[in-house]
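Before any comments, here is the structure.
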Amino acid sequence: MLTGKKNHVVPVLAGLGAILWPGLAAAADGLNSGDTAWILVSTALVLFMTLPGLALFYAGLVRSGAVLSVLMHCFAICCVVSVLWLAVGYSLAFSDGGYANAFIGGLDKAFLAGVTTDSLSGTVPELLFFMFQMTFAIITPALIVGAYPERVKFSAVLFFSAVWLLVVYVPVTHWVWGGGWLAEMGVRDFAGGIVVHVTAGISALVFASMLGSRRGFPDHVRPPHNPGITVTGAAMLWIGWFGFNAGSALAADGNAAMAMLVTHISAATASLAWATVEWIKFGRPSVIGIVTGMVAGLATITPAAGFVGPVGGLIIGLVSGIVCQWMTAWIKHRIKIDDSLDVFAVHGVGGILGTLMVSFLALESFQGLGLAEGMGVGDHLWVQTVGVVSVAAWSAVASFVIIKIASAIFGLRVAEEDEIEGLDITAHGERSYDF
Amino acid sequence: MLTGKKNHVVPVLAGLGAILWPGLAAAADGLNSGDTAWILVSTALVLFMTLPGLALFYAGLVRSGAVLSVLMHCFAICCVVSVLWLAVGYSLAFSDGGYANAFIGGLDKAFLAGVTTDSLSGTVPELLFFMFQMTFAIITPALIVGAYPERVKFSAVLFFSAVWLLVVYVPVTHWVWGGGWLAEMGVRDFAGGIVVHVTAGISALVFASMLGSRRGFPDHVRPPHNPGITVTGAAMLWIGWFGFNAGSALAADGNAAMAMLVTHISAATASLAWATVEWIKFGRPSVIGIVTGMVAGLATITPAAGFVGPVGGLIIGLVSGIVCQWMTAWIKHRIKIDDSLDVFAVHGVGGILGTLMVSFLALESFQGLGLAEGMGVGDHLWVQTVGVVSVAAWSAVASFVIIKIASAIFGLRVAEEDEIEGLDITAHGERSYDF
Amino acid sequence: MLTGKKNHVVPVLAGLGAILWPGLAAAADGLNSGDTAWILVSTALVLFMTLPGLALFYAGLVRSGAVLSVLMHCFAICCVVSVLWLAVGYSLAFSDGGYANAFIGGLDKAFLAGVTTDSLSGTVPELLFFMFQMTFAIITPALIVGAYPERVKFSAVLFFSAVWLLVVYVPVTHWVWGGGWLAEMGVRDFAGGIVVHVTAGISALVFASMLGSRRGFPDHVRPPHNPGITVTGAAMLWIGWFGFNAGSALAADGNAAMAMLVTHISAATASLAWATVEWIKFGRPSVIGIVTGMVAGLATITPAAGFVGPVGGLIIGLVSGIVCQWMTAWIKHRIKIDDSLDVFAVHGVGGILGTLMVSFLALESFQGLGLAEGMGVGDHLWVQTVGVVSVAAWSAVASFVIIKIASAIFGLRVAEEDEIEGLDITAHGERSYDF
Amino acid sequence: MKMVMAVIKPHKMDAVREALSELAVNGMTATEVKGYGRQRGHTEIYRGAEYTVNFLPKVKVEVAVSDDLVDRVVEAIQEAARTGKIGDGKVFVYDMGKAVRIRTGETGDDAL
Amino acid sequence: MKMVMAVIKPHKMDAVREALSELAVNGMTATEVKGYGRQRGHTEIYRGAEYTVNFLPKVKVEVAVSDDLVDRVVEAIQEAARTGKIGDGKVFVYDMGKAVRIRTGETGDDAL
Amino acid sequence: MKMVMAVIKPHKMDAVREALSELAVNGMTATEVKGYGRQRGHTEIYRGAEYTVNFLPKVKVEVAVSDDLVDRVVEAIQEAARTGKIGDGKVFVYDMGKAVRIRTGETGDDAL
Ligand SMILES: Nc1ncnc2c1ncn2[C@@H]1O[C@H](COP(=O)(O)OP(=O)(O)O)[C@@H](O)[C@H]1O
Ligand SMILES: Nc1ncnc2c1ncn2[C@@H]1O[C@H](COP(=O)(O)OP(=O)(O)O)[C@@H](O)[C@H]1O
Ligand SMILES: Nc1ncnc2c1ncn2[C@@H]1O[C@H](COP(=O)(O)OP(=O)(O)O)[C@@H](O)[C@H]1O
């Protein structure tokens with residue numbers, strides 16, 4: 001989310017200056033129409049990741065009786081988050097929280113009060129910064145949809161997602177990108193390894209374990225009903241991720257280009273790594289495998305995209321394709337949690353890996369763009385670890401409490417016969433295919 | 001289509017100056033590469049709305065034997081309109097019509113005669129303005145496809161769409177955006193509430209009633225054969241609509257950002273409103289419902305996008321999600337017209353609602369960007385009403401005549417056995433699914 | 001790939017100057033954020049053409065047991081090419097090859113050595129130029145996927161694509177766009193008629209003939225299993241092609257707008273031409289026909305997009321829609337090669353047609369932007385012919401050798417029973433649909 | 001008891017169901033099938049290649065009925081499914097030895 | 001030999017297959033069908049329009065068995081497929097004159 | 001009359017149709033089914049999870065034939081459908097009491 005400049009990376013707080021006091025930034029920079037064009041597009045691209053990207057990616061992986069319910073989850077979460085983001089989310093994440101600023105922002109910008117078409121964030125309209133950030137707020141709870149398909153109550157999904165946004169996503173965003181305590185420590189998270197992937201991954205694991213497994217897990221669940229849809233969604237995620245990572249440069253410049261480049265290389269390498277391991281282990285590479293590798297590569301490069309170079313992208317891709325694959329099997333067979341679409345193994349693990357690896361790979365010896373002045377690898381790794389651990393802990397605890405409440409008010413899980421018949425018809429009254 | 005500036009909105013005619021005399025505008029502004037980049041992208045986004053967005057949205061809602069015919073309608077309309085727009089459409093809509101200018105433009109720019117790569121419209125190439133406007137001209141008749149699926153003759157679709165473009169769309173565009181009589185009255189239609197949604201919605205109703213209902217309507221028609229495709233198309237419409245509305249600012253600036261923002265908020269709110277009403281009325285919210293709400297919210301914000309603020313977006317979303325839903329049932333059960341995919345109830349009604357609501361919601365008390373200087377709410381509402389009523393009347397009358405002619409030359413409707421067997425095979429010789 | 005200016009088109013070499021000596025260009029121009037925004041987007045659009053565009057386009061045309069294998073081919077090729085492009089491909093294509101420069105570039109920029117976020121190509125970051133060009137390198141071997149579906153070995157696909165990239169695509173790119181011998185002759189290929197479509201088309205024909213036909217060809221192969229997916233992919237190709245052709249202007253300006261415009265007009269006209277011929281010949285136009293016409297129109301305009309005007313677009317569309325259709329039947333029935341998804345008939349023939357027609361249609365009498373100073377139509381046609389023939393010959397010979405080697409090492413074709421059962425399950429262990 | 005199996009045109013399904021309801025036959029099982037017969041298939045042409053489709057979509061209806069109802073059931077299906085055009089389909093009848101309702105264990109005519 | 005044909009709820013398929021395996025019945029053929037019966041269909045509402053779905057998804061299982069096994073097979077299916085709720089389905093049994101294994105040409109009980 | 005029902009490998013469908021045409025049998029009904037038998041299903045692995053697929057795609061062909069043709073029909077199917085590999089399928093034959101052509105009302109052998 002900050003514009004790393006080669007050799008002397010702007011410290012996080014400086015980047016945030018532009019965000020927190022847009023008037024100031026405006027005075028210094030003025031609106032740049034090229035940057036604005038790119039962030040308008042990036043906003044569209046990141047929304048495209050959720051709708052239809054992620055929605056299709058997930059929908060293809062479930063059984064045919066729960067396709068529409070997955071689409072509904074993603075779509076409804078998008079709508080609910082959008083309204084909440086306008087109401088208070090953006091303000092709590094990105095405005096000044098006064099004495100509590102280390103932990104949470106203020107309410108001055110609730111409903112965008114006082115923000116006009118002339119307000120700037122850096123070189124782009126603040127309204128656009130609001131929109132761009134909103135698309136991140138949308139996709140994060142939508143990622144968690146992969147933890148609970150085929151069996152969750154729709155009301156519980158809505159309640160959980162709304163509260164989770166305000167209690168987990170918004171504060172963590174403030175900590176890391178909004179000038180909170182992690183930002184002050186110097187945590188680096190270019191486009192959301194911590195803010196997006198760690199929060200969603202950990203919470204998914206908590207949700208899945210509290211909800212219980214799908215009927216028949218692990219041996220008798222149905223295989224993905226339509227891998228072609230999953231590949232389609234995956235491709236959209238890949239494209240959209242250019243907006244996610246290169247858009248996080250908040251400018252149309254060389255940094256954006258580098259972020260796009262390493263994002264792409266990591267995705268490609270992780271895909272190949274995943275498929276190769278499958279080929280060796282099972283005798284044939286699968287298309288679901290290769291696209292899952294792609295998502296792992298993308299999640300893992302996310303915190304690092306603005307800090308590493310091409311070779312860093314290759315390394316991140318390679319590591320994520322192997323480690324995340326190993327984790328998908330490990331969670332299922334050892335931990336025996338039915339995180340059905342592997343949200344933790346792919347996003348959570350990827351986000352953690354990337355956040356830690358950036359401490360090495362940002363070094364110029366790896367073609368990286370350098371660490372902050374005066375920071376060594378050890379110092380930096382420590383800061384990153386604090387970031388990951390504290391956010392993981394907060395996500396786990398808060399999710400646990402929210403789910404307990406959801407469970408008490410609405411119940412988490414549908415009746416077994418509704419699960420058998422499928423959520424499409426029982427929760428939404430619709431059938432996914434009528435040929 | 002004009003760049004509303006806060007507090008003193010540029011009168012429509014001034015905006016049009018830039019359009020009608022690009023040479024002049026060029027002198028004043030020069031090409032802005034950021035604005036140009038954004039309009040290049042917006043053009044792609046609006047085309048994306050029709051192909052594949054709208055095409056998939058509609059294709060999922062029909063029975064499985066008429067999927068390809070719906071795709072074919074959208075695709076062929078896109079092609080026919082593109083050629084006609086180059087030949088005469090653009091010129092008649094946007095060039096000076098001399099003494100007849102109140103009603104129609106001239107033929108000076110037929111086949112883009114005299115327009116070079118250096119010609120500008122405002123700060124972007126006129127060739128690009130041509131392209132951007134063309135994508136609007138494409139989607140408008142394509143919207144009408146929802147009125148007549150499963151039973152219409154393909155030749156009638158082509159004939160109707162081509163003539164309708166020239167007789168309805170082009171003149172109305174000239175009236176509202178090309179310096180015609182409604183522009184002179186001060187009608188405000190930011191991105192096509194009147195030009196796109198009222199024309200298409202009214203014409204769809206006329207077409208459906210003249211064509212007659214699908215066999216079995218209303219009780220024995222087949223339900224949507226593939227709601228997942230519809231959701232996919234809906235998501236593409238949402239993304240694409242950013243180009244439609246924020247692109248209509250014709251610049252990459254704060255106005256574009258605000259237009260994008262209110263567009264998004266209206267879509268989200270209308271989706272939630274629609275789903276909530278369904279939940280209350282039928283006991284469960286449907287995914288087809290929520291995405292239809294989205295389209296209603298988008299259609300309704302369209303005329304208002306550049307004039308209202310975030311709260312305006314919320315209100316427009318709320319109203320449209322409730323009213324349009326009510327209308328879908330009302331048209332079916334009271335009026336008993338088989339406007340099969342609810343073009344009028346969603347687009348027509350949405351376009352009308354938004355066009356009228358802008359008179360209030362543009363007020364600064366609603367966070368709006370203000371009315372034109374010297375105009376009160378009452379005056380403005382009157383102007384908007386004149387715009388809606390006159391365009392609706394013209395659309396109805398002209399469509400009626402065109403359809404009568406189409407009926408006489410080609411016949412409107414296929415034989416009953418072809419309808420039963422399905423248009424895919426009978427009209428195009430193809431089958432939609434062969435597993 | 002060069003910015004043709006009206007009346008005095010910059011000679012190819014000058015455009016290449018900006019590419020080969022970015023430091024120089026930077027000094028002259030500096031980074032333009034609007035241009036950069038547009039090329040960032042164009043890069044995303046061209047990747048979108050392959051994934052999911054082309055992948056879906058092809059997947060819908062095969063039988064239902066080979067859907068995932070086609071997606072896998074496209075996806076894996078994308079990944080492999082990306083890594084190779086970073087390793088050596090870009091450098092060999094676009095860096096200075098010293099004494100061998102007429103034929104191949106050098107290895108100075110392998111792994112992007114020495115290229116920083118500050119390096120420019122013209123007015124955009126060189127890293128971005130690298131990415132943009134990479135997307136072309138991805139789609140070209142992916143086009144060839146249409147030659148061998150339902151029966152090819154996956155290992156042979158990977159081997160062929162990787163070697164072909166380095167032996168065919170990279171050198172030809174250097175010849176035409178990287179300052180090689182064809183560039184010096186003055187060959188004009190705006191966005192890849194020769195570089196992309198001729199190389200892929202010819203190689204597809206060679207591959208198909210060496211591989212042998214699908215079981216049952218020509219009379220008993222299965223028809224396209226899901227034309228709706230094909231239309232979806234086609235629409236994405238159309239949208240993405242705006243990035244391909246208008247992005248090749250490498251700027252957000254009037255030339256980009258013109259390239260977009262003629263691209264669109266050619267696609268629309270070719271679609272109509274193809275459908276009309278079908279209507280006349282078979283009594284009904286098909287949706288697969290109309291979208292194939294679209295691809296033909298797009299492939300054919302590609303070499304010409306930056307040089308011709310709107311009328312040129314119309315003519316190219318018309319010719320390609322008729323000729324390419326005729327060729328699809330001719331290859332099947334006379335030549336009897338099972339180039340299964342008509343790669344040669346559509347892309348190869350289209351690329352050749354467009355490359356030759358540009359010599360006429362660039363004339364100002366056809367609204368074109370003019371030929372290079374001092375070149376007559378005859379001279380130019382000769383140069384273009386040399387380009388087409390030499391590249392076709394090189395593609396054919398090199399493909400033949402690569403395929404022979406692939407055949408020797410891996411075998412080209414799966415066992416007959418695997419072909420019958422379908423590559424999805426036999427090569428990748430997955431099923432495409434499980435309702 | 002008899003099993004009546006009819007192969008009919010897909011859009012006649014609802015008419016057949018209604019005709020059977022009038023005879024108080026309240027159960028049946030339908031299957032999507034492909035039929036080959038005197039009714040010719042069609043040829044699809046894609047990009048100049050011809051694909052011959054020999055099998056046409058039909059619906060198979062299976063109804064188990066008691067012996068006394070069988071003739072009326074056959075007749076009802078025949079009437080409801082007839083369009084008079086080639087391809088209307090067939091009705092086949094065979095003996096059934098035993099019928100059981102899974103839920104209750106009832107057998108024979110009671111199970112239907 | 002007898003042909004046992006059962007119409008059951010789709011999610012009971014695996015239970016039935018396992019129950020039959022225990023009887024050493026190692027072959028069967030399953031078909032997706034739509035059933036109409038006492039179990040009511042449902043109504044789907046899209047945008048204010050009601051669509052009545054009369055036919056519910058069922059699976060038809062066909063098992064050819066030797067005469068001595070038939071009662072045990074019927075019983076096993078009945079038990080495995082029962083949920084006790086309406087719509088559990090039926091088992092039908094008919095005589096079969098001949099059975100041939102295509103691969104080997106074996107006939108009669110050997111072919112099963 | 002007899003009903004001949006064969007469960008075969010999907011790609012043998014066309015061969016069977018052609019073999020029957022040579023016997024002047026010009027009608028048949030085909031259904032996509034899933035078969036369970038000696039032929040083992042396969043295991044699909046997605047992201048480290050194994051999914052066992054027990055049922056394999058087969059096609060069921062039903063042909064009603066007159067008594068005198070039945071042996072030749074069974075034989076023709078057997079020959080056309082054989083690959084010699086496990087999973088080639090079965091042919092079953094049962095008695096049919098009645099056949100009616102819906103379009104004309106013809107019955108018995110004339111209806112076929
Ligand atoms: N001998 C047969 N055995 C089984 N099914 C048959 C037979 N003959 C016809 N059918 C079925 O009946 C359908 C209609 O038969 P067809 O010969 O086309 O028309 P008609 O019933 O009007 O004579 C076929 O599509 C096929 O499904
Ligand atoms: N007479 C019948 N002939 C053929 N199939 C029948 C008959 N009656 C019921 N069925 C099948 O059995 C299924 C279950 O029957 P239904 O009456 O709903 O419940 P139950 O078996 O519990 O009485 C139906 O969906 C239908 O497929
Ligand atoms: N007892 C049976 N009843 C009904 N269908 C059977 C029976 N046994 C086998 N089948 C069908 O025949 C198919 C082939 O049987 P299988 O045992 O796999 O091989 P083969 O026919 O070569 O012995 C199965 O997939 C199944 O559809």
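Here the structure is a predicted model, which means the values were calculated and not measured. Every chain is numbered from 1, with letters handed out A, B, ... down the list of sequences. Atoms considered below: every heavy atom in the structure, side chains included; atoms not considered: hydrogens, waters and symmetry mates.
Residues of residues 94-112 of chain E lying within less than 4.5 angstrom of chain F, judged on heavy atoms, are E:Y94, E:D95, E:M96, E:G97, E:K98, E:A99, E:V100, E:R101, E:I102, E:R103, E:G105, E:A111, E:L112 in numerical order. Among the residues in residues 52-68 of chain E, those with a non-hydrogen atom closer than 4.5 angstrom to a non-hydrogen atom of chain F are E:K60, E:E62, E:A64.
Only the backbone of F:E32 comes within contact range of chain E, with heavy atoms under 4.5 Å apart. In this structure, no portion of F:M3 lies under 4.5 Å from any heavy atom of chain E. Neither the backbone nor the side chain of E:M1 has a heavy atom closer than 4.5 Å to any heavy atom of chain F.
In terms of non-hydrogen atom pairs under 4.5 Å with chain E, the most contact-rich of F:T31, F:I86, F:V70 is F:I86. Of all the listed residues (F:R82, F:M5, F:K2), the one sharing the greatest number of non-hydrogen pairs under 4.5 Å with chain E is F:R82.
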